[in-house]
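Take a look at the structure set out below.
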Amino acid sequence: GSVPVLIGLITWGVVSACPFHCVCRNLSESLSTLCADKGLLFVPPHVDRRTVELRLADNFITEVGGNDFVNMTGLVDLTLSRNTIHLIRPMAFADLESLRSLHLDGNRLTTLGPRDLAGLVNLQHLIVNNNQLTKVSVQAFDDFLLTLEDLDLSYNNLRRVPWESIQNMASLHTLNLDHNLIDHIAEGVFGELYKLARLDMTSNRLRTLPPDPLFTGAISPTPYNAVISLNFGGNPLHCNCELLWLRRLIRGDDMETCATPAHLAGRYFWSIPEEEFTCEPPLITRHTHKLWVLEGQRATLKCRAIGDPEPVVHWVSPDDRIIANSSRTSSFSNGTLDILVTVARDDGAYTCIAINAAGEATATVDLKIIPLPHRGGVDFNLAINVPVPTAISHQLASRGGWGWGGSTKGSVA
Ligand SMILES: *[C@@H]1O[C@H](CO)[C@@H](O)[C@H](O)[C@H]1NC(C)=O
Ligand SMILES: *[C@@H]1O[C@H](CO)[C@@H](O)[C@H](O)[C@H]1NC(C)=O
Ligand SMILES: *[C@@H]1O[C@H](CO)[C@@H](O)[C@H](O)[C@H]1NC(C)=O
Ligand SMILES: *[C@@H]1O[C@H](CO)[C@@H](O)[C@H](O)[C@H]1NC(C)=O
């Protein structure tokens with residue numbers, strides 16, 4: 001009858017050495033250890049090291065590492081979803097050279113450190129959505145850059161993702177980064193991800209998207225480029241001329257709206273005519289005109305510019321070179337140039353150049369270096385024409401107490 005057959009099915013493949021509460025099956029010569037939803041507080045120590053599939057979802061495991069997965073060189077599938085894992089000890093998975101799929105979703109991870117995922121040289125699916133990640137190390141994915149097909153980091157608190165490593169994931173097929181706080185996509189990052197078929201960036205903080213061939217493939221399929229699924233709705237897009245390239249691609253559907261500028265707020269991206277994606281060239285509104293500084297003191301030159309997009313300000317020295325940061329000078333993008341300790345040869349006409357996607361504007365600032373009295377004090381007396389004894393002048397200079405009002409400080413006109 002049917003009863004003996006049923007009993008036969010149940011007993012066949014049941015393994016004797018199995019962690020308490022778990023179910024272990026040796027089907028098709030591959031061992032599965034099934035410990036989901038068993039109230040476990042840690043990974044059971046007596047898992048057969050030959051197991052191929054290990055399911056530990058829906059327990060109360062708080063950390064993994066140590067000997068938990070030691071010698072499990074044949075493990076292919078590891079599920080740790082919906083526990084309370086807040087700590088992965090470095091090298092926790094180091095022996096899992098056959099692992100293809102790692103599920104860590106629904107835990108309490110806040111960081112992925114450089115060695116937390118080390119050793120997973122065959123990993124294809126890494127699922128870490130619904131954690132509390134704020135930081136992912138640039139090295140975290142190093143051991144499986146070329147094998148990974150599926151990366152899910154959605155529903156975390158990431159402001160930044162390691163684009164440097166993502167751009168090298170040559171086998172990547174699906175990338176889920178939705179519902180994070182990402183405000184920046186590195187330019188050209190998708191250029192060599194030829195297998196990418198799905199990118200979800202929904203609900204982040206992107207204001208702009210860099211031009212990328214990926215989007216061209218996503219939006220206007222060519223014979224060489226299959227249609228890929230691309231989502232970036234729910235981002236505060238700033239619809240100016242920098243996004244015109246995207247608007248020019250033909251596309252019908254999707255949910256993207258503009259957040260700024262004010263007159264385009266809330267409007268459906270694909271409904272706005274190209275002519276309305278405009279930029280404003282830079283306009284220098286205020287700048288230092290002339291600055292007198294005593295040799296050796298600090299000079300702060302300022303140049304303030306407006307425009308859309310926000311202009312970046314560079315400074316050009318009197319000998320026509322762009323001023324970079326050095327031990328003596330700091331050039332800030334907001335238009336402030338600091339020369340920490342001026343020397344006589346800093347004297348001259350500086351040019352500030354404000355640049356954005358729509359153009360540039362320039363202004364000239366004269367920096368006058370008042371030479372310090374050199375031994376003998378001759379230069380000094382000639383220079384300022386006030387007969388102060390050299391000894392006193394040195395003392396005053398070192399205190400910055402010349403009493404020349406604001407003339408040694410940067411004055412914005
Ligand atoms: C599973 O069964 C095969 C034979 O079907 C056997 O060779 C192997 O040792 C068993 N594995 C375990 C872990 O029991
Ligand atoms: C792992 O394998 C090594 C070498 O075979 C052995 O010495 C060690 O006891 C094993 N550890 C565990 C936890 O199985
Ligand atoms: C100089 O360094 C500051 C931060 O210290 C940075 O904001 C600025 O962009 C740097 N400027 C250049 C020209 O690299
Ligand atoms: C520009 O940035 C620098 C460094 O962050 C800051 O010290 C300076 O006050 C800023 N200048 C203006 C005009 O905002």
Side-chain angles (χ1 to χ4, degrees), residues 15-20 22 24 26 30-33 35 40-54 56 61 63-76 78 80 88-99 118-121 159-160 163-164 183-184 186-187 207-208 210 282 284 287-288 298-307 309-342 346 348 350-357 360-365 367 410:
V15 179
S16 53
C18 186
F20 187 55
C22 301
C24 299
N26 185 9
S30 77
L31 177 65
S32 295
T33 303
C35 310
L40 298 175
L41 302 176
F42 45 82
V43 178
H46 301 301
V47 177
D48 192 310
R49 303 286 127 179
R50 293 166 297 178
T51 197
V52 170
E53 179 184 21
L54 177 54
L56 291 160
I61 298 167
E63 52 181 80
V64 291
N67 286 331
D68 286 347
F69 309 110
V70 159
N71 293 346
M72 291 192 189
T73 51
L75 189 63
V76 171
L78 174 59
L80 288 158
I88 298 175
R89 295 193 183 281
M91 312 303 282
F93 306 116
D95 286 354
L96 307 186
E97 61 192 34
S98 304
L99 199 73
L120 299 171
V121 294
R159 282 173 201 284
R160 309 203 168 279
W163 293 118
E164 305 91 314
D183 58 11
H184 170 72
E187 191 158 347
R207 298 185 76 238
T208 194
I284 293 171
H287 67 92
T288 313
R298 176 188 190 131
T300 300
L301 312 188
K302 294 185 184 181
C303 183
R304 186 179 297 170
I306 57 169
E310 182 104 24
V312 172
V313 176
H314 298 282
W315 286 90
V316 176
S317 65
D319 57 351
D320 270 340
R321 280 189 291 212
I322 298 258
I323 301 174
N325 282 340
S326 70
S327 56
R328 217 165 59 80
T329 56
S330 299
S331 172
F332 299 101
S333 59
N334 67 6
T336 298
L337 172 66
D338 263 331
I339 304 174
L340 297 179
V341 182
T342 50
D346 291 333
Y350 289 72
T351 308
C352 82
I353 307 180
I355 303 174
N356 73 6
E360 58 179 75
T362 60
T364 303
V365 177
L367 178 60

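Quick caveat, the model's predicted, so the values are computed rather than measured. Sequence positions, counted from 1, serve as the residue numbers for this chain. Remember, it's 1-based here, ligands and their atoms both numbered in the order they're listed.
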Under 3.5 Å, N or O to N or O, is N325 touching ligand 3 that way?
yes
Test salt bridge (charged side-chain N to carboxylate O under 4.0 Å, His left out) on R328 and D338; report intermediate values, then the result.
CA-CA 8 Å; R328 217 165 59 80; D338 263 331; over 6 Å; no
Would T351 and T362 count as a side-chain hydrogen bond (donor to acceptor under 3.5 Å, both in side chains) if you check the C-alpha gap in whole Å, the side-chain angles of each, and the deciding distance to 0.1 Å?
CA-CA 7 Å; T351 308; T362 60; over 6 Å; no
Is the closest heavy atom of S331 to ligand 3 under 4.0 Å?
yes
d(E310 CD, N334 CG) to nearest 0.5 Å is 9.0 Å
If the threshold is 4.0 Å, N to carboxylate O, is there a salt bridge linking D95 and R49?
no
I'd like to know if D183 pairs up with R207 as an ion pair, taking the criterion as any Lys NZ or Arg NE/NH1/NH2 lying under 4.0 Å from an Asp or Glu carboxylate oxygen.
no
Sorted by chain and residue number, the ring pair (Phe, Tyr, Trp, His ring centres under 6.0 Å) partners of W315 (sequence neighbours excluded) come out as none
Under 4.0 Å from ligand 2 - residues by heavy atom, chain and number:
R49, V70, N71
Can you tell me how far apart OG (S317) and CG (L337) are? Round to the nearest 0.5 Å.
9.5 Å
